[in-house]
Chemist: 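I have a structure here, written as structure tokens, and I will follow up with some questions on it.
All ligand and atom numbering here is 1-based and tracks the order in the structure.
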Amino acid sequence: MPFMPVGMPPLGGPVGRSRMRLSASGLVSWERCSRQWFHRTKQGLSGPINPEMILGIIVEDALVSLLMEDPGDRALDAKPCWIEWQDDYSKPNDGGGEEPESLQDIEQYLLARIPACAAKVIELGAKKWKEAPFRSPERDWSEKSQDYVEALLLAGIELQLEEVEKCHAAGGGPHLSKWRENGDPHFVRAPRWCEEPRFPIPEKVPGNSLKLAAIKISEETQSKDESEITWFEAWKIARPWVKDPRVWQPQRLYHPDGWAAGELDMLLRWQGKATVVDIKSGDGSSGWSTGLASQLQFYQWLYLRTRTEESLISEVEGIEGWYLGSKDRHEIDIWSAEELIQKDEELHSIWQAMTNADGDKETWPEANPSAWKGESVEETCKRCHARFICDFVSEELSQEGLIAILPPRMKELSRQQVQEKLQAREPASPISVIPNRVNVEGRISGKWGPMSNHFGEPVHGAVLSTGAKSSVVVEEMAPGTFLELKDLADGNWLIKNAAPGVWRNSSRIYLDSRSSLVKSGEEDVEVTRIGLLPTRANVDGLVVSRRTAKGIRIDGKPWTMMTCHLWDGNHTIEVVVFGWGVTETFADITVGDRVLLTGAELGWRAGLPQLRISPRNSRIEVRSRDWQPMDELPDSIQ
Ligand code: SF4
């Protein structure tokens, strides 16, 4: 289907973002420091959250929700649709407004909605901040005021009204007559509250089936004459495609070969060519803005690589960052046709380097920090959560990073003393000895796929058996990581460098680019018997990162995933628990806790080992924790 700003995932990825595809944020992080990308994105070792991270996401939702309004649709003092939708999304439009006749009417309608939307941003942000398990200790959500958010939303509205003015002055652009005939001519229309949301995979929307995929011809009367464009028409035509907050399925563009993906914030299309816009809640003065050019150029490249013959728009004429904090458009130079061709290869090789990095340090990308905007390279490292384990930085910076993650009871200790204290205690072993790769041999048959794995990603699989009673499931570690399996002839095979793991109490073998297949008997290597595959581990470490991720699957079912990273003084490993296995003990774990984990199931994520908590077989125990004032204590230990 020729979706325009969104597409079907060719290789899956509905649970969270795939760590196996190149994304704009991954590219920016890679360019800032490839090693930092590895720790942050591939290992998932993220630092504490700050209020700006939360604000950026919610302000974007609030702003696009205002752009989805149809001025005059309701009374001036009616609730903004975004708020009404959150309260009760089945509520019909109550009408009562008047169609705007001027730009001022449109502006007045939108401005009247800003205070309520800003109040909602503050309310939602406060909740998210409170629920975040790892927050910057010196920061607080109360730093953000409603007045500040109102100013951000006003800036966004004014930037869009500039587009409306330009569109009006240009007589509506090249698609005016199409608009007048049938409404929005784009296959994926710019979302509006007065129209049903459109889902990229409508057949997975419970109770809706294909209904939502059908293009709804706007019910409003379209003027078909040659009359001058009205301001209301200019508002509708200039309205950008935005990520519809009602759509829980990924609204991403997927490279046809599956190795890159990206989610645009906004796409202006009224001029007949596309302008990609990224919404920023800051003012563009911080070092983070250094990555804007790479981010937007990546989107330009991805947008163009996902066009089809049916696409109404096949050119990108602009890429812009809208900085709401300073009401600025930062226009970035687009890549030329020659540069775009070069980038195909360059981006692909970056993706390959990303894919090849795994648990073996030899494969890690180099530590190559680039200078922070107007500051030194050191500033990049100072802001890096992984500096406590990075061998590139100075002793001083590494120690500073260590102190930042240590609990108060350990802050006075030297690195060596910390390492001694963190030595694994019975029955745990050091993280470095967690079983890694194995060779297995047997008959491969019963291939299937692609079918959803436990992350909801479609992978190929088969059964490897060594006799009537001994068999194990063999599966791609992630979509497309071992496509050889798909067309493999049934027969006896030796699988080298397979990753052993367990899922729902049964052993499982995962395959990725490090794995290989040879015919049985062709090589003489040590083989692990299926019954002896390592599947569990006991670890003892300090919690150095903590995250909770929530979302909605493509079929509308909610999911939750909690993770923490344990550090044993030398190595780190990610521990994950899925919604149905979350216990109060895990939910209460915070950075600085010393945790003993026994019976954790060995799993794999993007080529790296990951320990999974099984509600039945794993046990997690907080060995030491700093005492805090009573009102700060998690419920479970109050
Ligand atoms: S500390 Fe500096 S060099 Fe090391 S990973 Fe972080 S940014 Fe890169």
Chemist: Do you know which two heavy atoms are closest between M354 and L27, and how far apart they sit?
Modeler: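 Residues M354 and L27, closest heavy atoms: CE-N, 4.5 Å.
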Chemist: Kindly state whether the ring of H330 and the ring of W322 have centres lying under 6.0 angstrom apart.
Modeler: no
Chemist: With a 3.5 Å cut-off and no angle check, do the side chains of S515 and D512 form a donor-acceptor pair?
Modeler: yes
Chemist: Please confirm whether the ring centroid of W301 lies under 6.0 Å from the ring centroid of H255.
Modeler: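 Yes.
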Chemist: Just to be sure I understand the site: which N, O or S atoms from the protein are less than 2.8 Å away from atom 6 (Fe) of ligand 1?
Modeler: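 C384 SG, with waters left out.
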Chemist: Does the side chain of W141 come under 3.5 Å of the side chain of E143 through a donor N or O and an acceptor N or O?
Modeler: no
Chemist: If we ignore hydrogens and angles and just use 3.5 Å, is the side chain of S23 paired with the main-chain N or O of G262 as donor and acceptor?
Modeler: no
